[in-house]
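Here the structure comes first, spelled out in structure tokens, and everything after it is commentary.
Letters A, B, ... mirror the listed sequences (proteins, then strands); counts begin at 1.
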There are 2 protein chains.
Amino acid sequence: MSLQTFSIGELAKSFGITPRSIRFYEEQHLLVPERKGQTRVYYGKDKVRLKLILRGKRLGFSLAEISTLFELYDTNPNSAAQLETMLQLTKTKRAVLEQQFNDIQMLMNELDDVESRCEEELNDIKRGVA
Amino acid sequence: MSLQTFSIGELAKSFGITPRSIRFYEEQHLLVPERKGQTRVYYGKDKVRLKLILRGKRLGFSLAEISTLFELYDTNPNSAAQLETMLQLTKTKRAVLEQQFNDIQMLMNELDDVESRCEEELNDIKRGVA
DNA sequence: AGTCAAGTTAACGTAAACGTAAGCTTGGCT
DNA sequence: AGCCAAGCTTACGTTTACGTTAACTTGACT
């Protein structure tokens with residue numbers, strides 16, 4: 001079972017981003033692909049990393065934040081200090097996420113309202129009521 | 001019942017942002033306060049606007065997007081074209097929000113895991129098991 | 001042998017969202 | 001009268017996350 005590898009182009013296309021972005025993430029030490037000569041070679045684990053990066057971005061994390069999260073996750077959390085730091089970080093993030101959660105629900109409700117009003121009016125127009 | 005007014009400083013402090021930000025939002029036409037002389041005067045409606053702006057930001061909207069959302073909301077939606085545009089926009093946004101929603105839930109679960117593992121280890125350490 | 005797509009580095013450009021002086025005005029104390 | 005905090009405008013600086021050439025290499029076809 002030889003491990004499946006990917007080129008930077010394949011990876012970019014499969015995630016809907018540009019090679020430039022992937023190289024930039026590497027510059028920020030979020031990805032550390034192997035090299036065959038000077039060409040980058042990616043494995044499944046890199047895909048996972050990239051998926052996490054993009055999810056983090058969608059949630060409004062900066063690349064720097066994602067980086068520190070990776071570090072905390074990578075360095076096996078053995079020292080008590082590390083663990084405390086980690087707990088503190090997760091607590092903060094959880095608060096932000098819960099805030100976003102609420103924001104999203106409010107907004108969804110408002111969108112529901114707007115949408116149904118729009119559709120009503122459209123129907124009115126179509127029936128020549130306007 | 002005279003309407004309550006606010007200075008830019010008061011507004012800034014009550015929202016935990018800087019006056020600079022508020023002036024910037026005005027530059028982007030997100031706020032249009034009245035003036036007493038050359039000094040800005042804000043009312044309750046401006047507070048509402050500002051609250052919406054900040055909520056939008058927390059959700060990852062750009063100021064430009066928030067601006068167009070305001071415009072769509074302000075211009076009473078009477079033309080069919082406007083309504084279609086609005087529906088399209090809300091549909092897109094809803095998709096993004098649902099994506100974020102899922103992302104957040106996944107992340108929360110992972111945080112749960114990490115957190116409980118951390119706490120376990122901490123207890124181990126405290127009991128001298130490590 | 002030629003070329004062509006896809007890779008590489010290096011370096012400069014850009015948009016968004018403010019931060020940060022600099023220099024001016026002003027209403028309110030004391 | 002003098003001062004000070006708070007407001008104002010103008011303008012340049014800054015960070016983040018890439019976009020965009022430019023100029024070069026390289027393996028794969030034909």
Worksheet item: To the nearest angstrom, how far is A:Glu34 atom CD from C:dG7 atom P?
Response: 18 Å
Practice prompt. Would you kindly give the NZ-to-P distance between B:Lys57 and C:dA16, to the nearest whole Å?
Written response: 13 Å
Discussion item. Please confirm whether the shortest side-chain N or O distance from A:Ser62 to OP1 or OP2 of D:dT15 is below 4.0 Å.
Written reply: no
Discussion item. If we check side-chain contact (heavy atoms from CB on, under 4.5 Å) with B:Tyr43, which of these qualifies: B:Glu34, B:Gln4, B:Arg49?
Written reply: B:Glu34
Item to complete: With pairs defined as Watson-Crick or G-U wobble and both distances under 3.5 angstrom, please note down DNA chain C as a dot-bracket string, | for pairing with another strand.
Response: ||||||||||||||||||||||||||||||
Discussion item. Are A:Phe24 and A:Val32 linked, directly or through intermediate hydrophobic residues, by side-chain heavy-atom contacts shorter than 4.5 Å (ILVMFWY only)?
Written reply: no
Discussion item. Between B:Gln100 (side chain only) and B:Leu59 (backbone N and O only), is there a donor and an acceptor less than 3.5 Å apart?
Written reply: yes
Fill in: Side-chain donor or acceptor of A:Ser67 paired with backbone N/O of A:Leu63 under 3.5 Å
no
Discussion item. Nearest whole Å is fine: how far is C:dA16 C1' from B:Gln28 CD?
Written reply: 9 Å
Worksheet item: Are A:Lys93 and A:Phe61 side-chain neighbours, meaning at least one heavy-atom pair lies under 4.5 Å?
Response: yes
Response to the item:
Expected string for nucleotides 6-13 of chain D under the B/S/- scheme (protein heavy atoms, under 4.0 Å, primed atoms plus P, OP1, OP2 as sugar-phosphate) is -SSB-B--
Worksheet entry | Whole-Å gap separating P (C:dA6) and CZ (A:Phe6) | 18 Å
Practice prompt. Please state whether the phosphate of D:dT26, meaning OP1 or OP2, lies under 4.0 angstrom from any side-chain nitrogen or oxygen of A:Lys36.
Written response: no
Discussion item. Are the side chains of B:Leu52 and B:Leu69 in contact, using a 4.5 Å heavy-atom criterion?
Written reply: no
Worksheet item: Within the structure, does a side-chain N or O atom of B:Tyr25 lie under 4.0 Å from either OP1 or OP2 of C:dC18?
Response: yes
Discussion item. Whole angstroms only, please: what is the CZ-P distance between B:Phe24 and C:dT20?
Written reply: 15 Å
Practice prompt. Indicate if B:Val48 and B:Tyr25 have the same hydrophobic cluster label, given that clusters are the connected sets of ILVMFWY residues with side-chain heavy-atom separations under 4.5 angstrom.
Written response: yes
Practice prompt. To the nearest 0.5 Å, tell me how far A:Leu50 CG sits from A:Phe15 CZ.
Written response: 4.5 Å
Discussion item. Testing the basics here: between A:Thr5 and A:Glu10, what is the closest heavy-atom pair and its distance to 0.1 Å?
Written reply: O-OE1, 4.1 Å
Item to complete: Using whole Å, report how far CD of B:Glu26 lies from P of C:dA17.
Response: 17 Å
Discussion item. Using the side-chain heavy atoms of B:Thr18, tell me which of these nucleotides is nearest: D:dG19, C:dG19, C:dC18.
Written reply: C:dG19
Response to the item:
note: A:Ile66, atom CD1; D:dT16, atom C1'; distance rounded to Å ~ 12 Å
